[in-house]
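Chain letters run A, B, ... following the sequence lines, proteins first and then strands; every chain starts at 1. Please read these numbers as outputs of a predicted model, since none were measured by experiment.
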Number of protein chains: 2
Amino acid sequence: MRSTKKSSNRSPNSSPETADRIQQAAIREFAEKGFTKTTIRGIASAAEVSPGLVIHHFGSKEGLRSACDDYVFTAITEAKAANAHYSTMAMEIVFADPVMRTNIDYLMKSLLDPSEHGQRYFEHYIDLVEGYLADGFAGYTFRQSTDRRGQAATIAALALAPMMFADRIQTALGTTDVKDTLTRMAPHLLDLYLNGVLDSIPDVEADTDPNGDDQP
Amino acid sequence: MRSTKKSSNRSPNSSPETADRIQQAAIREFAEKGFTKTTIRGIASAAEVSPGLVIHHFGSKEGLRSACDDYVFTAITEAKAANAHYSTMAMEIVFADPVMRTNIDYLMKSLLDPSEHGQRYFEHYIDLVEGYLADGFAGYTFRQSTDRRGQAATIAALALAPMMFADRIQTALGTTDVKDTLTRMAPHLLDLYLNGVLDSIPDVEADTDPNGDDQP
DNA sequence: TTTAATGTTAAACATGCGTTCAACGAAGAA
DNA sequence: TTCTTCGTTGAACGCATGTTTAACATTAAA
(Lines give C-alpha, C1' and ligand atoms only; values in the text may rest on other atoms or scores of the structure.)
Protein backbone atom coordinates (compact mmCIF):
# COMPACT_ATOMS: atom_id res chain seq x y z
CA MET A 1 0.00 0.00 0.00
CA ARG A 2 1.00 3.54 -0.56
CA SER A 3 2.64 5.00 2.52
CA THR A 4 0.68 7.79 4.09
CA LYS A 5 3.67 9.75 5.33
CA LYS A 6 5.54 11.72 2.72
CA SER A 7 9.12 12.30 3.73
CA SER A 8 11.91 13.06 1.33
CA ASN A 9 13.89 10.10 0.00
CA ARG A 10 12.84 7.94 2.89
CA SER A 11 12.66 4.67 1.02
CA PRO A 12 15.41 2.31 -0.08
CA ASN A 13 14.86 2.17 -3.81
CA SER A 14 13.94 5.70 -4.83
CA SER A 15 10.66 6.80 -6.43
CA PRO A 16 7.92 7.85 -4.11
CA GLU A 17 6.69 9.78 -7.13
CA THR A 18 6.16 6.55 -9.04
CA ALA A 19 2.83 6.14 -7.30
CA ASP A 20 1.87 9.62 -8.44
CA ARG A 21 2.84 8.76 -11.98
CA ILE A 22 0.65 5.69 -11.84
CA GLN A 23 -2.24 7.71 -10.45
CA GLN A 24 -1.97 10.36 -13.14
CA ALA A 25 -1.86 7.69 -15.82
CA ALA A 26 -4.91 6.07 -14.25
CA ILE A 27 -6.82 9.35 -14.26
CA ARG A 28 -6.07 9.82 -17.92
CA GLU A 29 -7.16 6.28 -18.76
CA PHE A 30 -10.31 6.49 -16.66
CA ALA A 31 -11.17 9.87 -18.18
CA GLU A 32 -10.79 8.51 -21.67
CA LYS A 33 -12.36 5.06 -21.47
CA GLY A 34 -14.31 5.02 -18.25
CA PHE A 35 -13.69 2.77 -15.27
CA THR A 36 -14.91 -0.54 -16.68
CA LYS A 37 -13.10 -0.43 -19.99
CA THR A 38 -9.83 0.67 -18.40
CA THR A 39 -7.44 -2.15 -17.53
CA ILE A 40 -4.72 -2.25 -14.92
CA ARG A 41 -2.35 -3.49 -17.59
CA GLY A 42 -3.19 -0.44 -19.68
CA ILE A 43 -2.53 1.89 -16.79
CA ALA A 44 0.73 0.11 -15.99
CA SER A 45 1.81 0.38 -19.59
CA ALA A 46 0.95 4.09 -19.71
CA ALA A 47 2.95 4.65 -16.53
CA GLU A 48 5.78 2.45 -17.81
CA VAL A 49 5.51 0.14 -14.86
CA SER A 50 4.55 -3.45 -14.17
CA PRO A 51 0.91 -4.36 -13.45
CA GLY A 52 1.90 -5.78 -10.10
CA LEU A 53 3.25 -2.45 -8.95
CA VAL A 54 -0.09 -0.79 -9.52
CA ILE A 55 -1.72 -3.23 -7.13
CA HIS A 56 1.18 -2.93 -4.73
CA HIS A 57 0.66 0.81 -4.41
CA PHE A 58 -3.11 1.00 -4.40
CA GLY A 59 -4.25 -2.40 -3.23
CA SER A 60 -6.77 -2.98 -5.98
CA LYS A 61 -8.35 -1.41 -9.01
CA GLU A 62 -11.15 -0.09 -6.83
CA GLY A 63 -8.61 1.37 -4.41
CA LEU A 64 -6.88 3.11 -7.27
CA ARG A 65 -10.21 4.48 -8.39
CA SER A 66 -10.91 5.86 -4.94
CA ALA A 67 -7.52 7.57 -4.85
CA CYS A 68 -8.19 9.09 -8.25
CA ASP A 69 -11.66 10.19 -7.20
CA ASP A 70 -10.26 11.99 -4.19
CA TYR A 71 -7.52 13.63 -6.20
CA VAL A 72 -9.75 14.85 -9.00
CA PHE A 73 -12.45 16.03 -6.63
CA THR A 74 -10.11 18.27 -4.64
CA ALA A 75 -8.24 19.38 -7.75
CA ILE A 76 -11.45 20.62 -9.34
CA THR A 77 -12.69 22.19 -6.14
CA GLU A 78 -9.44 24.09 -5.73
CA ALA A 79 -9.42 25.21 -9.34
CA LYS A 80 -12.98 26.39 -8.97
CA ALA A 81 -12.07 28.39 -5.89
CA ALA A 82 -9.07 29.90 -7.66
CA ASN A 83 -11.27 31.08 -10.52
CA ALA A 84 -14.17 32.21 -8.35
CA HIS A 85 -13.62 35.85 -9.23
CA TYR A 86 -14.67 35.22 -12.80
CA SER A 87 -18.30 35.67 -13.65
CA THR A 88 -18.34 32.38 -15.51
CA MET A 89 -16.64 29.06 -14.98
CA ALA A 90 -14.06 30.62 -17.28
CA MET A 91 -14.27 28.15 -20.06
CA GLU A 92 -11.32 29.63 -21.90
CA ILE A 93 -9.12 29.33 -18.85
CA VAL A 94 -10.22 25.94 -17.63
CA PHE A 95 -9.97 24.32 -21.03
CA ALA A 96 -6.60 25.82 -21.80
CA ASP A 97 -5.12 23.51 -19.18
CA PRO A 98 -5.06 19.95 -20.53
CA VAL A 99 -4.77 18.53 -17.03
CA MET A 100 -7.97 20.27 -16.03
CA ARG A 101 -9.58 19.02 -19.21
CA THR A 102 -8.68 15.48 -18.20
CA ASN A 103 -10.03 16.04 -14.71
CA ILE A 104 -13.33 17.25 -16.10
CA ASP A 105 -13.59 14.28 -18.44
CA TYR A 106 -12.88 12.06 -15.46
CA LEU A 107 -15.73 13.63 -13.55
CA MET A 108 -18.12 13.18 -16.44
CA LYS A 109 -17.31 9.46 -16.55
CA SER A 110 -17.66 9.34 -12.79
CA LEU A 111 -21.10 10.92 -13.04
CA LEU A 112 -22.31 8.11 -15.28
CA ASP A 113 -20.97 5.13 -13.39
CA PRO A 114 -23.26 4.35 -10.48
CA SER A 115 -20.50 5.11 -8.03
CA GLU A 116 -20.69 6.81 -4.67
CA HIS A 117 -18.15 9.43 -5.57
CA GLY A 118 -20.08 10.42 -8.65
CA GLN A 119 -23.22 10.89 -6.61
CA ARG A 120 -21.35 12.95 -4.04
CA TYR A 121 -19.99 15.23 -6.71
CA PHE A 122 -23.38 15.61 -8.33
CA GLU A 123 -24.97 16.63 -5.05
CA HIS A 124 -22.08 18.97 -4.38
CA TYR A 125 -22.84 20.57 -7.70
CA ILE A 126 -26.49 20.91 -6.77
CA ASP A 127 -25.41 22.62 -3.55
CA LEU A 128 -23.37 25.05 -5.56
CA VAL A 129 -26.29 25.91 -7.81
CA GLU A 130 -28.61 26.20 -4.83
CA GLY A 131 -26.23 28.74 -3.34
CA TYR A 132 -26.33 30.74 -6.52
CA LEU A 133 -30.12 30.63 -6.52
CA ALA A 134 -30.21 31.99 -3.00
CA ASP A 135 -27.45 34.58 -3.09
CA GLY A 136 -27.06 35.32 -6.77
CA PHE A 137 -23.84 34.94 -8.70
CA ALA A 138 -21.56 37.68 -9.96
CA GLY A 139 -24.36 40.22 -10.01
CA TYR A 140 -26.90 37.94 -11.57
CA THR A 141 -30.00 37.04 -9.65
CA PHE A 142 -32.06 33.95 -10.40
CA ARG A 143 -35.69 33.16 -10.72
CA GLN A 144 -37.09 31.98 -7.42
CA SER A 145 -39.10 28.88 -6.60
CA THR A 146 -40.64 27.44 -3.47
CA ASP A 147 -39.00 24.11 -4.33
CA ARG A 148 -35.50 25.47 -4.44
CA ARG A 149 -33.79 22.09 -4.14
CA GLY A 150 -35.73 20.71 -7.06
CA GLN A 151 -34.99 23.83 -9.03
CA ALA A 152 -31.30 23.56 -8.26
CA ALA A 153 -31.22 19.88 -9.23
CA THR A 154 -32.95 20.68 -12.51
CA ILE A 155 -30.59 23.49 -13.37
CA ALA A 156 -27.56 21.45 -12.33
CA ALA A 157 -28.54 18.61 -14.64
CA LEU A 158 -29.06 20.95 -17.57
CA ALA A 159 -25.83 22.79 -16.84
CA LEU A 160 -23.87 19.54 -17.03
CA ALA A 161 -25.43 18.50 -20.32
CA PRO A 162 -23.20 20.50 -22.71
CA MET A 163 -20.06 18.95 -21.25
CA MET A 164 -21.63 15.51 -21.04
CA PHE A 165 -22.65 15.46 -24.68
CA ALA A 166 -19.68 17.45 -25.94
CA ASP A 167 -18.37 14.60 -28.08
CA ARG A 168 -21.73 13.88 -29.67
CA ILE A 169 -22.37 17.56 -30.34
CA GLN A 170 -18.89 17.98 -31.74
CA THR A 171 -19.54 15.20 -34.25
CA ALA A 172 -22.98 16.56 -35.07
CA LEU A 173 -21.82 20.13 -35.63
CA GLY A 174 -18.43 19.36 -37.10
CA THR A 175 -16.61 21.46 -34.55
CA THR A 176 -12.93 20.78 -34.02
CA ASP A 177 -12.68 20.25 -30.26
CA VAL A 178 -14.49 20.68 -26.99
CA LYS A 179 -13.56 24.32 -26.62
CA ASP A 180 -14.76 25.08 -30.12
CA THR A 181 -17.97 23.19 -29.43
CA LEU A 182 -18.73 25.05 -26.22
CA THR A 183 -17.93 28.36 -27.89
CA ARG A 184 -20.47 27.54 -30.57
CA MET A 185 -23.04 26.71 -27.91
CA ALA A 186 -22.32 29.70 -25.67
CA PRO A 187 -24.64 32.26 -27.27
CA HIS A 188 -27.51 29.79 -27.33
CA LEU A 189 -26.93 28.90 -23.73
CA LEU A 190 -26.87 32.56 -22.79
CA ASP A 191 -30.09 33.21 -24.64
CA LEU A 192 -31.63 30.15 -23.06
CA TYR A 193 -30.63 31.17 -19.57
CA LEU A 194 -31.84 34.71 -20.09
CA ASN A 195 -35.03 34.17 -22.06
CA GLY A 196 -35.84 30.49 -22.15
CA VAL A 197 -36.62 28.47 -25.24
CA LEU A 198 -40.21 29.31 -26.04
CA ASP A 199 -41.32 32.48 -27.66
CA SER A 200 -45.07 32.25 -27.26
CA ILE A 201 -47.63 30.26 -25.35
CA PRO A 202 -50.36 28.57 -27.34
CA ASP A 203 -54.04 29.02 -26.64
CA VAL A 204 -55.65 26.69 -24.15
CA GLU A 205 -56.06 23.23 -25.60
CA ALA A 206 -57.99 20.12 -24.66
CA ASP A 207 -54.89 18.10 -23.85
CA THR A 208 -55.20 16.10 -20.66
CA ASP A 209 -51.55 16.64 -19.81
CA PRO A 210 -50.97 19.97 -18.13
CA ASN A 211 -47.19 19.74 -18.26
CA GLY A 212 -45.45 21.78 -20.85
CA ASP A 213 -42.11 20.10 -20.77
CA ASP A 214 -40.34 18.63 -23.72
CA GLN A 215 -38.71 15.47 -22.48
CA PRO A 216 -38.27 12.25 -24.50
CA MET B 1 -27.56 -16.35 -37.89
CA ARG B 2 -31.17 -15.36 -37.57
CA SER B 3 -33.11 -16.24 -40.70
CA THR B 4 -34.28 -13.22 -42.60
CA LYS B 5 -37.47 -14.78 -43.91
CA LYS B 6 -40.30 -15.04 -41.46
CA SER B 7 -42.73 -17.74 -42.46
CA SER B 8 -45.07 -19.50 -40.11
CA ASN B 9 -43.79 -22.72 -38.56
CA ARG B 10 -41.20 -23.10 -41.24
CA SER B 11 -38.48 -24.53 -39.07
CA PRO B 12 -37.97 -28.05 -37.76
CA ASN B 13 -37.81 -27.52 -34.03
CA SER B 14 -40.39 -24.85 -33.24
CA SER B 15 -39.61 -21.44 -31.73
CA PRO B 16 -38.85 -18.70 -34.15
CA GLU B 17 -39.91 -16.45 -31.29
CA THR B 18 -37.00 -17.67 -29.21
CA ALA B 19 -34.76 -15.20 -31.00
CA ASP B 20 -37.20 -12.46 -30.11
CA ARG B 21 -37.16 -13.54 -26.48
CA ILE B 22 -33.37 -13.37 -26.50
CA GLN B 23 -33.43 -9.93 -28.07
CA GLN B 24 -35.91 -8.58 -25.54
CA ALA B 25 -33.83 -9.99 -22.71
CA ALA B 26 -30.76 -8.40 -24.23
CA ILE B 27 -32.47 -5.01 -24.48
CA ARG B 28 -33.41 -5.20 -20.82
CA GLU B 29 -29.88 -6.16 -19.80
CA PHE B 30 -28.26 -3.51 -21.99
CA ALA B 31 -30.68 -0.87 -20.70
CA GLU B 32 -29.89 -1.74 -17.12
CA LYS B 33 -26.14 -2.30 -17.14
CA GLY B 34 -24.91 -0.87 -20.40
CA PHE B 35 -23.25 -2.77 -23.20
CA THR B 36 -19.87 -3.44 -21.63
CA LYS B 37 -21.09 -4.75 -18.29
CA THR B 38 -23.71 -6.97 -19.86
CA THR B 39 -22.61 -10.56 -20.52
CA ILE B 40 -23.92 -13.03 -23.04
CA ARG B 41 -24.30 -15.55 -20.27
CA GLY B 42 -26.46 -13.08 -18.38
CA ILE B 43 -28.66 -12.53 -21.39
CA ALA B 44 -28.90 -16.26 -22.01
CA SER B 45 -29.87 -16.83 -18.42
CA ALA B 46 -32.52 -14.10 -18.54
CA ALA B 47 -33.94 -15.61 -21.70
CA GLU B 48 -33.70 -19.14 -20.24
CA VAL B 49 -31.49 -20.30 -23.05
CA SER B 50 -27.94 -21.48 -23.53
CA PRO B 51 -25.17 -18.96 -24.27
CA GLY B 52 -24.38 -20.71 -27.51
CA LEU B 53 -27.86 -20.11 -28.84
CA VAL B 54 -27.45 -16.37 -28.43
CA ILE B 55 -24.42 -16.47 -30.70
CA HIS B 56 -26.15 -18.85 -33.07
CA HIS B 57 -28.99 -16.39 -33.60
CA PHE B 58 -27.08 -13.12 -33.70
CA GLY B 59 -23.57 -14.08 -34.69
CA SER B 60 -21.81 -12.15 -31.97
CA LYS B 61 -22.42 -9.83 -29.06
CA GLU B 62 -21.90 -6.89 -31.38
CA GLY B 63 -24.40 -8.35 -33.83
CA LEU B 64 -26.92 -8.71 -31.05
CA ARG B 65 -26.31 -5.11 -30.09
CA SER B 66 -26.95 -3.96 -33.64
CA ALA B 67 -30.20 -5.88 -33.76
CA CYS B 68 -31.27 -4.32 -30.46
CA ASP B 69 -30.26 -0.87 -31.68
CA ASP B 70 -32.42 -1.23 -34.76
CA TYR B 71 -35.36 -2.54 -32.80
CA VAL B 72 -35.28 0.15 -30.13
CA PHE B 73 -34.71 2.90 -32.63
CA THR B 74 -37.77 2.04 -34.69
CA ALA B 75 -39.85 1.24 -31.61
CA ILE B 76 -39.22 4.69 -30.18
CA THR B 77 -39.74 6.39 -33.50
CA GLU B 78 -43.08 4.67 -33.94
CA ALA B 79 -44.17 5.44 -30.41
CA LYS B 80 -43.24 9.05 -30.93
CA ALA B 81 -45.28 9.18 -34.12
CA ALA B 82 -48.22 7.54 -32.38
CA ASN B 83 -48.17 10.16 -29.65
CA ALA B 84 -47.50 13.10 -31.94
CA HIS B 85 -50.91 14.60 -31.26
CA TYR B 86 -49.98 15.28 -27.67
CA SER B 87 -48.50 18.62 -26.89
CA THR B 88 -45.70 17.03 -24.88
CA MET B 89 -43.78 13.83 -25.17
CA ALA B 90 -46.52 12.63 -22.87
CA MET B 91 -44.41 11.63 -19.94
CA GLU B 92 -47.31 10.01 -18.12
CA ILE B 93 -48.13 7.87 -21.10
CA VAL B 94 -44.64 6.92 -22.14
CA PHE B 95 -43.54 6.02 -18.64
CA ALA B 96 -46.66 4.06 -17.88
CA ASP B 97 -45.42 1.44 -20.34
CA PRO B 98 -42.50 -0.45 -18.79
CA VAL B 99 -41.34 -1.63 -22.19
CA MET B 100 -41.05 1.95 -23.38
CA ARG B 101 -39.22 2.78 -20.17
CA THR B 102 -36.71 0.07 -20.96
CA ASN B 103 -36.33 1.32 -24.51
CA ILE B 104 -35.62 4.81 -23.27
CA ASP B 105 -33.08 3.55 -20.75
CA TYR B 106 -31.48 1.60 -23.58
CA LEU B 107 -31.19 4.74 -25.65
CA MET B 108 -29.60 6.67 -22.80
CA LYS B 109 -26.95 3.98 -22.46
CA SER B 110 -26.49 4.02 -26.20
CA LEU B 111 -25.98 7.77 -26.15
CA LEU B 112 -23.04 7.38 -23.77
CA ASP B 113 -21.19 4.57 -25.45
CA PRO B 114 -19.22 5.93 -28.37
CA SER B 115 -21.26 3.86 -30.79
CA GLU B 116 -22.45 4.75 -34.24
CA HIS B 117 -26.07 4.07 -33.44
CA GLY B 118 -25.97 6.41 -30.46
CA GLN B 119 -24.61 9.18 -32.63
CA ARG B 120 -27.25 8.55 -35.26
CA TYR B 121 -29.99 8.80 -32.69
CA PHE B 122 -28.56 11.95 -31.20
CA GLU B 123 -28.45 13.65 -34.57
CA HIS B 124 -31.94 12.41 -35.30
CA TYR B 125 -33.01 14.09 -32.09
CA ILE B 126 -31.30 17.31 -33.15
CA ASP B 127 -33.20 17.12 -36.44
CA LEU B 128 -36.43 16.80 -34.49
CA VAL B 129 -35.65 19.85 -32.38
CA GLU B 130 -34.57 21.80 -35.44
CA GLY B 131 -37.94 21.06 -37.01
CA TYR B 132 -39.68 22.40 -33.93
CA LEU B 133 -37.57 25.53 -34.04
CA ALA B 134 -38.54 26.12 -37.63
CA ASP B 135 -42.21 25.18 -37.61
CA GLY B 136 -43.18 25.44 -33.98
CA PHE B 137 -44.64 22.63 -31.94
CA ALA B 138 -48.22 22.24 -30.79
CA GLY B 139 -48.88 25.94 -30.93
CA TYR B 140 -45.62 26.96 -29.32
CA THR B 141 -43.14 29.00 -31.27
CA PHE B 142 -39.48 29.12 -30.43
CA ARG B 143 -36.85 31.79 -30.15
CA GLN B 144 -35.00 32.17 -33.42
CA SER B 145 -31.30 32.18 -34.11
CA THR B 146 -29.16 32.55 -37.20
CA ASP B 147 -27.25 29.43 -36.12
CA ARG B 148 -30.28 27.20 -35.98
CA ARG B 149 -28.30 23.96 -36.06
CA GLY B 150 -26.19 25.01 -33.11
CA GLN B 151 -29.28 26.16 -31.29
CA ALA B 152 -31.01 22.85 -31.94
CA ALA B 153 -27.98 20.88 -30.75
CA THR B 154 -27.83 22.95 -27.58
CA ILE B 155 -31.51 22.50 -26.81
CA ALA B 156 -31.36 18.80 -27.65
CA ALA B 157 -28.51 18.25 -25.21
CA LEU B 158 -30.29 20.09 -22.42
CA ALA B 159 -33.56 18.31 -23.15
CA LEU B 160 -31.87 14.93 -22.74
CA ALA B 161 -30.27 15.87 -19.44
CA PRO B 162 -33.22 15.18 -17.09
CA MET B 163 -33.56 11.64 -18.37
CA MET B 164 -29.81 11.12 -18.44
CA PHE B 165 -29.33 12.16 -14.84
CA ALA B 166 -32.65 10.78 -13.61
CA ASP B 167 -31.01 8.28 -11.28
CA ARG B 168 -28.65 10.81 -9.75
CA ILE B 169 -31.41 13.35 -9.30
CA GLN B 170 -33.66 10.72 -7.81
CA THR B 171 -31.06 9.93 -5.18
CA ALA B 172 -30.39 13.60 -4.55
CA LEU B 173 -34.04 14.57 -4.15
CA GLY B 174 -35.25 11.36 -2.54
CA THR B 175 -37.92 10.81 -5.13
CA THR B 176 -39.30 7.32 -5.51
CA ASP B 177 -38.88 6.61 -9.21
CA VAL B 178 -38.17 8.18 -12.58
CA LYS B 179 -41.74 9.31 -13.10
CA ASP B 180 -41.83 10.95 -9.69
CA THR B 181 -38.50 12.60 -10.39
CA LEU B 182 -39.57 14.04 -13.71
CA THR B 183 -42.84 15.23 -12.19
CA ARG B 184 -40.86 17.08 -9.56
CA MET B 185 -38.70 18.66 -12.26
CA ALA B 186 -41.55 19.51 -14.63
CA PRO B 187 -42.53 22.93 -13.24
CA HIS B 188 -38.90 24.02 -13.14
CA LEU B 189 -38.34 22.86 -16.67
CA LEU B 190 -41.44 24.69 -17.80
CA ASP B 191 -40.33 27.86 -16.09
CA LEU B 192 -36.88 27.46 -17.55
CA TYR B 193 -38.17 26.95 -21.06
CA LEU B 194 -40.53 29.88 -20.76
CA ASN B 195 -38.45 32.40 -18.87
CA GLY B 196 -34.90 31.12 -18.61
CA VAL B 197 -32.88 30.90 -15.45
CA LEU B 198 -31.70 34.41 -14.81
CA ASP B 199 -33.85 37.14 -13.39
CA SER B 200 -31.64 40.17 -13.90
CA ILE B 201 -28.57 41.18 -15.80
CA PRO B 202 -25.76 42.71 -13.80
CA ASP B 203 -24.21 46.06 -14.60
CA VAL B 204 -21.33 46.10 -17.04
CA GLU B 205 -18.27 44.57 -15.45
CA ALA B 206 -14.57 44.51 -16.25
CA ASP B 207 -14.51 40.80 -16.92
CA THR B 208 -12.71 39.89 -20.12
CA ASP B 209 -15.08 37.04 -20.79
CA PRO B 210 -18.31 38.19 -22.41
CA ASN B 211 -19.99 34.82 -22.14
CA GLY B 212 -22.67 34.47 -19.55
CA ASP B 213 -22.89 30.74 -19.48
CA ASP B 214 -22.58 28.61 -16.45
CA GLN B 215 -20.67 25.56 -17.55
CA PRO B 216 -18.22 23.60 -15.39
C1' DT C 1 -38.30 -44.34 -44.58
C1' DT C 2 -34.38 -41.91 -45.42
C1' DT C 3 -32.14 -37.39 -45.78
C1' DA C 4 -31.11 -32.90 -44.89
C1' DA C 5 -31.75 -28.83 -42.37
C1' DT C 6 -32.62 -26.36 -38.29
C1' DG C 7 -33.00 -25.15 -33.17
C1' DT C 8 -30.72 -26.26 -29.19
C1' DT C 9 -27.40 -27.63 -25.67
C1' DA C 10 -23.17 -28.92 -22.89
C1' DA C 11 -18.65 -28.72 -22.97
C1' DA C 12 -14.51 -26.97 -24.28
C1' DC C 13 -11.46 -23.33 -26.13
C1' DA C 14 -8.88 -19.05 -26.24
C1' DT C 15 -8.20 -14.81 -24.35
C1' DG C 16 -7.94 -11.08 -21.25
C1' DC C 17 -8.73 -9.66 -16.83
C1' DG C 18 -7.54 -8.53 -11.63
C1' DT C 19 -4.64 -10.30 -8.55
C1' DT C 20 -0.89 -13.08 -6.11
C1' DC C 21 3.66 -14.67 -5.40
C1' DA C 22 8.47 -15.49 -5.27
C1' DA C 23 12.53 -13.41 -6.23
C1' DC C 24 15.77 -9.54 -7.01
C1' DG C 25 18.21 -5.36 -6.02
C1' DA C 26 19.17 -1.14 -3.86
C1' DA C 27 19.50 1.54 0.32
C1' DG C 28 19.24 2.64 5.19
C1' DA C 29 19.96 0.39 9.97
C1' DA C 30 22.60 -2.67 12.98
C1' DT D 1 29.72 -5.81 6.91
C1' DT D 2 25.35 -7.91 7.68
C1' DC D 3 20.54 -7.43 8.05
C1' DT D 4 16.27 -5.74 7.02
C1' DT D 5 13.12 -3.04 4.51
C1' DC D 6 10.83 -1.90 0.43
C1' DG D 7 10.12 -0.67 -4.54
C1' DT D 8 9.93 -3.42 -8.46
C1' DT D 9 9.40 -7.13 -11.76
C1' DG D 10 8.04 -11.43 -14.41
C1' DA D 11 5.55 -15.18 -14.17
C1' DA D 12 1.79 -17.50 -12.79
C1' DC D 13 -3.01 -18.27 -10.82
C1' DG D 14 -7.92 -18.20 -10.96
C1' DC D 15 -11.68 -16.60 -13.06
C1' DA D 16 -15.02 -14.60 -16.33
C1' DT D 17 -15.70 -13.59 -20.81
C1' DG D 18 -17.00 -14.23 -26.05
C1' DT D 19 -16.94 -17.79 -29.09
C1' DT D 20 -16.52 -22.56 -31.23
C1' DT D 21 -17.54 -27.23 -31.68
C1' DA D 22 -19.61 -31.66 -31.59
C1' DA D 23 -23.54 -33.87 -30.66
C1' DC D 24 -28.62 -34.39 -30.30
C1' DA D 25 -33.50 -33.93 -31.29
C1' DT D 26 -37.07 -32.62 -34.20
C1' DT D 27 -39.25 -31.71 -38.43
C1' DA D 28 -39.81 -30.69 -43.36
C1' DA D 29 -38.47 -32.60 -47.77
C1' DA D 30 -37.05 -36.64 -50.78
With sequence neighbours excluded, give me every side-chain hydrogen bond (donor to acceptor under 3.5 Å, both in side chains) pair touching residues 149-163 of chain B.
-> B:Asp127-B:Arg149, B:Glu130-B:Arg149
side-chain hydrogen bond (donor to acceptor under 3.5 Å, both in side chains) contacts in which one or both residues fall within residues 38-54 of chain A, not counting sequence neighbours = none
Name all residues meeting the salt bridge (charged side-chain N to carboxylate O under 4.0 Å, His left out) criterion together with A:Asp167; count only those two or more places apart in sequence or in a different chain, and write none if there are none.
-> none
Taking salt bridge (charged side-chain N to carboxylate O under 4.0 Å, His left out) as the test, write out the residues that go with B:Asp147, two or more places apart.
-> A:Arg184
Please state how far atom CD in A:Glu62 lies from atom C1' in C:dG18, giving the value in whole angstrom units.
-> 12 Å
Could you tell me the separation between the NE2 atom of A:His56 and the P atom of D:dT8, rounded to a whole number of Å?
-> 8 Å
[options]: which one has an atom nearest the side-chain heavy atoms of [X]?
X       : options               : result
B:His57 : D:dT8, C:dT8, C:dT19  : C:dT8
A:Ser50 : D:dT20, D:dT9, C:dT9  : D:dT9
B:Ile55 : D:dT20, C:dT19, C:dG7 : D:dT20

Within residues 33-44 of chain A, the residues having a heavy atom closer than 4.0 Å to DNA chain C are A:Thr38, A:Thr39, A:Ile40, A:Arg41
May I ask you to verify if any side-chain N or O of B:Thr18 is less than 4.0 angstrom from the OP1 or OP2 atom of C:dT8?
-> yes
Under the side chain to side chain donor-acceptor pair (under 3.5 Å) rule, collect the residues that match up with B:Asp70, sequence neighbours excluded.
-> B:His117
A:Tyr71 OH: over 12 foreign heavy atoms closer than 6.0 Å = no
